[in-house]
Amino acid sequence: MSVSWRPVEGPLVKELKKNLSKSCRDLVEVHPGRLVVYIYHKDWYQRQLDFSVKKDDVWVITYPKSGTTWMQEMTWCVVMGIHHQQTSLPLMKRFPFFEWDSMIAPDFMDEKLCADDPCLPGNTWKIMANMSSPRTIKSHLQVPLLPKQMWEVKPKIIYVCRDPRDVCISYYFHYVKLNGYKKELSDFVEFFLADIMPFAPFWSHILDFWRRRDQENILFVRFEDMKEDLLSVVQKVADFLGKQLSAEEVIRIADHCSFGSMSKNKAVNNETLPAAENEKAKGLKFMRKGKVGDWKNHLTDTQIKAFKEWTFKHLEGSDFPYYQDYE
Ligand code: PPS
């Protein structure tokens, strides 16, 4: 299939770009699918598509801000054991971010980072090449951009989704903290609903995995399930990965992955990611609130109506049952 890259364009995109740090401005759409990714994707597309997948890999895949880090930490503890000596290593080393190198400029440099920091160009790709099995890998890529072998080798894949209204709020604060976004939430909501953010479109991202949810190698989980009953989700992940855990281990992992505990855990806080240096970004934390329904504190009635229309339009004809509670 022939693939093409086009700049993401239009008045909304112009507005978005004006309000971001230089390094995060240039996005492209991959066709077919109008899949939004960073401009550097083109240089990595073939390498990513040809990436050698192993049967015992464990992938955590999500649309951004859906509980990726939370599921990564839980999965890592289930796979390696809660007492593993590397639990305190930064998550990006233990659980590399598959497409990271295609999200940053090849000459990106930050004096504050050590030479082997996974944020620096090429390091994450090296980590994956040298990792011993079972490898644990994170990705936000849309189905058509994931390695081809994913669908033949069938590694374990855990997909996490979250209410788009909460994703949008979380993504907004992420953009303020890490991408230097200067405008207000109201503009960001428009960008989000226009599906011009990295790794959009939101609904096809989810629905492509929802359709595959009954495959033996895929576990589909909701952020809201994790909030409601973390112990059950730890047990579910362990069963899915074929790991026998004692009741005490399940409790310990759930404890370690509680919001309170993860907020204090430097290894999962993405502290080395270069943050924006302005007043708006000051004091914002990666582990922000970790709540279900925070959107109710932020969205206006008009925005809620816009979310409803957008959701209903994209879910027409689908059996996806969640996030349609608008009455
Ligand atoms: S990223 O940047 O895409 O990888 O972000 P991601 O990890 O997917 O999502 C970040 C949001 O997940 C929340 N989070 C948690 N919530 C509850 N409990 C735990 N343990 C937890 N860990 C991470 C985090 O706070 C972000 O959500 P918001 O709503 O912004 O607080």
Side-chain angles (χ1 to χ4, degrees), residues 24 36-38 59-78 82 87 90-92 94-100 103-104 118-119 124 136-142 158-179 181 185 188 192 197-200 202 205-206 209 221-234 237 252-276 281 283-299:
C24 341
V36 182
V37 285
Y38 286 86
W59 291 67
V60 167
I61 304 180
T62 63
Y63 184 91
K65 311 318 290 179
S66 300
T68 330
T69 316
W70 194 6
M71 182 52 86
Q72 283 177 270
E73 187 62 5
M74 180 194 299
T75 300
W76 199 86
C77 291
V78 169
I82 178 79
T87 316
L91 193 58
M92 273 184 88
R94 293 182 276 136
F95 214 123
F97 188 173
F98 181 65
E99 64 274 15
W100 176 257
M103 295 169 63
I104 51 168
C119 290
T124 285
T136 45
I137 303 176
K138 151 186 173 173
S139 181
H140 291 315
L141 283 177
Q142 304 90 336
I158 303 176
Y159 187 87
V160 187
C161 75
R162 186 182 188 186
D163 188 319
R165 294 163 288 191
D166 282 333
V167 169
C168 177
I169 304 299
S170 184
Y171 217 168
Y172 165 72
F173 286 107
H174 176 106
Y175 253 61
V176 172
K177 178 177 161 60
L178 296 174
N179 298 20
Y181 182 72
L185 173 67
F188 191 88
F192 185 86
M197 306 308 296
F199 307 107
F202 178 87
H205 202 296
I206 293 188
F209 275 97
V221 180
R222 293 186 313 137
F223 182 99
E224 296 75 16
D225 299 331
M226 295 165 76
K227 279 302 286 188
E228 196 179 307
D229 189 351
L230 195 54
L231 285 170
S232 297
V233 177
V234 174
V237 167
R252 272 176 180 268
I253 294 175
D255 226 38
H256 174 80
C257 293
S258 67
F259 186 76
S261 165
M262 281 188 60
S263 309
K264 287 187 227 115
N265 182 353
K266 281 201 162 62
V268 299
N269 267 280
N270 289 314
E271 291 299 340
T272 69
L273 290 180
L284 282 179
K285 297 264 178 247
F286 183 85
M287 296 290 163
R288 197 182 57 89
K289 278 195 183 169
K291 295 218 159 113
V292 171
D294 187 36
W295 59 270
K296 292 176 190 151
N297 300 316
H298 294 276
L299 298 179

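Whatever order the structure lists ligands and atoms in, that order sets their numbers, starting from 1.
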Contacts under 3.5 angstrom, residues 283-294 side chains, donor-acceptor by atom type, not counting sequence neighbours:
residue, atom, partner, partner atom, Å
Arg288, NH1, Asp294, OD2, 3.3
Arg288, NH2, Asp294, OD2, 3.0
Lys289, NZ, Asp294, OD1, 2.8
Asp294, OD1, Asn297, ND2, 2.9
Asp294, OD2, His298, NE2, 3.3

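Contacts of ligand 1 (protein heavy-atom distance under 4.0 Å) are Pro64, Lys65, Ser66, Gly67, Thr68, Thr69, Trp70, Lys138, His140, Arg162, Ser170, His174, Phe223, Cys257, Ser258, Phe259, Met262, Phe286, Met287, Arg288, Lys289, Gly290.
Side-chain N or O atoms of Asp229 include none that pairs as donor or acceptor with a backbone N or O of Asp225 at under 3.5 Å. At least one donor-acceptor pair under 3.5 Å links the side chain of Gln142 to the backbone N or O of Val36.
A search for ring-ring contact (aromatic ring centres under 6.0 Å, His included) contacts involving His174 returns nothing, not counting sequence neighbours. For Glu228, there are no side chain to side chain contact (heavy atoms under 4.5 Å, CB included) partners at least two apart in sequence or on another chain.
If you take CE on Met197 and OH on Tyr63, they are separated by 6.5 Å, rounding to the nearest 0.5 Å.
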